[in-house]
Amino acid sequence: MDSIISKFAIVLPTKARMSLLKKLFLYGLAASIIFLLSCEEESINVTGEVIEDETDTENEIDTVTLIEADTVIFGFAVPEKYLFFRDADGDGVNDTTVSFDGQTTRLKMAVELIDVLKDTTASAARLTSMFAHEEGVEDFLDVELNTSSKQIRNKIGANTGSTVDTDAVRTDVTTWMTSQVNDVFPNWSTEASSGVAGKIQEAGGGANRYVNAYGLELDQAVSKALIGAFVADQALNGYLTPTKLDGGTNRADQSSGSVLEGKAYTNMEHYWDEGYGYIYGLAEDGMDPVTTPGSADKFLLKYIEKVDSDTDFTGIASRIFDAFKLGRAALVVGDYTTRDDAAKDIMAEISKVIAIRAAHYLKAGQEGKAEATPDMANVFHDLSEGYGFVYSLQFTYNPETGAPYFTRAEVLSMLDKVYPTSDDQKGFWEVTPEVLEAVATEITTAFGFTYENA
Amino acid sequence: MNKKLVILSVFAALCFTNLMVSCSDDENIEVGEADQNTVDAVDNIDEDAVLGEAFTRGEMLTNWADHIIIPAFEALADDMDSLSLAANTFTEIPNQENLINLKQSWLNAYLAWQTVAMFDIGMAEEITLRNYMNVYPLDAEGMTTTLLAGGYDLTSVNRQDEQGFPALDYLLHGLANSEAEIITFYTDEFNGPKYKIFLTDLVERMRSLTYMVLIDWKERYREEFIERDGSGATESVNSMVNAYIYYFEKFLRSGKVGIPAGIFSNSPLTDRVEARYRGNVSKELLTTALHATQNFFNGLHFDGGASGMSLQGWIDHLEETRDTNDLDSLINNQFALIHAQVVNLNDDLGVQVTIDYRGMLETYDLMQENIIFMKVDMLQLFDIKVDYVDADGD
């Protein structure tokens with residue numbers, strides 16, 4: 001007998017609602033609808049489930065059951081924090097099944113790499129070595145990273161397009177790093193001008209910015225490109241896809257609860273957590289990153305928080321985190337429809353964060369350029385961040401089309417517009433406010449928000 | 001679908017509706033009222049005919065330009081002339097008497113600067129006058145390198161923290177501990193001429209920038225400023241009010257008080273006070289700036305003799321037709337509270353943050369309250385949108 005299982009994970013305010021809740025019966029109308037009515041601090045999670053017998057022509061309901069979080073009979077509860085357990089070794093004590101140490105390690109490596117991109121004593125060889133770290137090589141200040149077998153390079157652009165594209169992405173990042181050493185470091189105290197690399201100070205005694213001959217801060221290009229090529233690509237195009245999650249015998253292992261040897265988690269659970277770890281691996285509280293904001297992160301999480309603090313987009317941080325929890329909880333009980341729907345929500349929202357920041361920085365550059373006396377260092381900084389975010393758009397994923405919102409070719413075309421270097425053009429020194437607004441609008445339109453809101 | 005289910009569904013739907021309603025009821029009352037005020041303000045403002053008799057933007061703009069802004073720039077220009085004269089006298093004969101005169105001229109001009117700093121509009125905005133006159137903290141090391149190297153370009157954005165009043169502060173008070181020692185920098189056989197030339201170059205640049213702005217006001221911008229008397233975002237009133245509040249927030253509150261008090265750092269920063277090398281005048285600079293902003297609010301003429309149409313008068317006018325609070329009095333009372341607090345501070349705010357930074361925090365908090373009155377309540381009443389955002393910070 002085929003059954004349709006529909007679930008409502010509902011968060012309702014506790015105060016004065018308990019008696020109401022107990023009378024509340026739920027009828028399944030859609031597959032997975034999440035009502036979030038969190039207008040009071042205290043809340044409980046309630047999971048209701050309806051099993052409907054499709055063979056019944058009267059379409060009557062066999063079972064209507066309300067389940068409170070602590071008395072789950074059918075379906076699953078979604079925890080408030082990213083905490084999942086099983087007693088894997090049978091000692092009667094629950095073991096955590098969540099692990100993403102590998103992602104935290106890689107993110108730490110990337111943070112150090114970004115720092116060294118502004119250390120004029122660093123050689124190209126040193127940067128390349130940090131980028132493609134080999135176990136035991138003393139690339140990092142954090143000695144624990146040196147003993148790790150993990151590296152950044154082999155995770156860059158690994159899941160997007162062809163192997164040619166993957167190779168091109170790794171070449172892009174390597175080229176920026178090498179150019180930073182060869183073209184910008186030697187001019188660290190030169191005053192930058194159009195066609196001349198060097199330093200340029202923000203107006204009013206502001207920060208010094210170190211740019212190439214075209215006004216691009218190469219360290220920012222690397223740092224912001226990694227948000228897409230490294231973090232988003234690994235999570236959206238890798239770990240959270242059904243192809244990855246359902247690989248090998250993962251579904252059978254999940255049903256039987258077969259954990260990896262010596263671990264408390266199944267392969268599928270771990271894949272999901274690895275996707276999670278790329279976002280939250282450096283969070284102040286990795287299990288509760290929205291309630292406890294702040295992190296050592298310089299990549300995606302930092303910008304999820306920034307976008308969330310913009311009143312036009314408030315709530316996006318919670319939506320991403322809640323979808324991670326929901327998908328993980330669904331996966332544990334083998335509800336793969338809910339898992340994949342949650343993954344699609346994550347993909348759409350994270351792609352949107354990248355788009356919002358890309359448009360935001362292009363707009364900031366447009367406004368800066370339109371000033372009577374443009375603060376060029378400030379404009380360059382905005383546009384350099386924008387450059388990396390635009391680059392990152394090729395690693396987004398649109399669940400409705402099954403493709404990135406912008407292809408690599410489209411992204412490169414947009415970058416040629418905002419950073420024109422052909423025919424002796426001088427990149428950010430020459431780009432006009434009109435072009436910046438046009439490209440930003442192209443992005444906002446594709447994602448369904450406005451230039452004003454960016 | 002059976003009957004029982006229909007009832008359940010409807011019941012569930014009602015429950016959700018109820019929850020949502022109670023949610024928004026609890027949280028949105030203030031927003032609702034705010035929206036109502038905005039609507040009222042729009043109605044009042046757009047009907048120029050109604051306002052025509054008692055208030056016009058043109059009258060306020062004329063008062064600002066003719067009785068406050070232009071006279072303030074004229075006073076600064078006069079002080080710049082005196083400063084230039086004193087600098088030339090000192091570089092010709094670097095002795096103690098001439099140094100003391102030069103220091104006094106510097107202080108007079110610095111105090112005059114406080115009365116124009118908020119007028120970042122027109123030519124001042126276009127050339128970013130503020131960025132060449134008063135960026136502090138000074139990059140003393142960079143400035144010294146520039147000075148000794150010669151061949152510098154003071155128009156470069158890289159030199160903005162190496163010139164203006166803070167650079168003169170260092171050159172007149174910070175080179176050494178005693179006046180006699182300071183004078184030796186200018187009498188030195190090798191580097192003395194470089195110090196003299198740099199000092200003169202700085203003063204002449206400040207003087208010429210001041211005149212550039214003053215002449216533009218008199219010969220061109222005054223007319224445009226007054227003609228642009230509409231209610232749009234790029235019209236004069238909106239631009240000036242935004243410049244005024246931005247100045248109050250960023251340069252008065254944060255620059256002169258908040259940053260030295262350590263609000264934006266882990267601990268107080270004594271080296272971030274204005275005129276740090278002179279030391280004992282930072283409170284006077286703050287007080288002068290505060291008076292200037294309050295006088296502007298009230299439309300008091302620069303010569304102090306009379307007053308004309310102002311933000312205070314506009315509030316007063318708008319409040320005649322409604323029963324809102326006495327916002328202009330709230331703002332003036334808050335200015336009085338700030339003054340009463342500042343009076344108790346040490347003449348040297350750098351000393352103040354060292355001995356009792358909380359006194360500075362309290363000053364900051366009082367200023368912050370006035371920013372709320374002006375930036376939120378006043379702008380809502382005027383239906384003016386804030387046209388600036390806080391910087392990203394990275």
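Remember, it's a predicted structure, so these values are computed and weren't measured experimentally. Note on naming: letters A, B, ... go to the chains in the order of the sequence lines (proteins, then strands), and numbering restarts at 1 for each one.
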J.: Any non-hydrogen side-chain atom of D161(B) less than 4.5 Å from a side-chain atom of Q201(A)?
T.: yes
J.: Which of the residues E162(B), R130(B), R159(B) is involved in the greatest number of heavy-atom pairs with chain A at under 4.5 angstrom?
T.: R159(B)
J.: Is it true that, when you exclude K426(A) itself, more than 12 heavy atoms of the residues, nucleotides or ligands shown sit nearer than 6.0 Å to its NZ?
T.: yes
J.: With a 4.5 angstrom heavy-atom cut-off, is it the side chain or the backbone of D139(B) that approaches chain A, or both, or neither?
T.: neither
J.: Output the distance between atom CG (N131(B)) and atom CG (D375(A)), rounded to the nearest 0.5 Å.
T.: 7.5 Å
J.: Around atom CD of E223(B), are there more than 12 heavy atoms from other residues, nucleotides or ligands closer than 6.0 Å?
T.: no
J.: Please report the shortest heavy-atom distance between E126(B) and A372(A), naming the atom on each side.
T.: CG-CB, 3.4 Å
J.: Taking side chain as everything from C-beta outward and backbone as N, CA, C, O, which of these in I127(B) sits under 4.5 Å from a heavy atom of chain A? Side chain, backbone, both or neither.
T.: backbone
J.: Testing the basics here: between E191(A) and S156(B), what is the closest heavy-atom pair and its distance to 0.1 Å?
T.: OE1-OG, 3.6 Å
J.: Please name the residue in the list T373(A), N378(A), I200(A) that meets the side chain to side chain contact (heavy atoms under 4.5 Å, CB included) test with V157(B).
T.: I200(A)
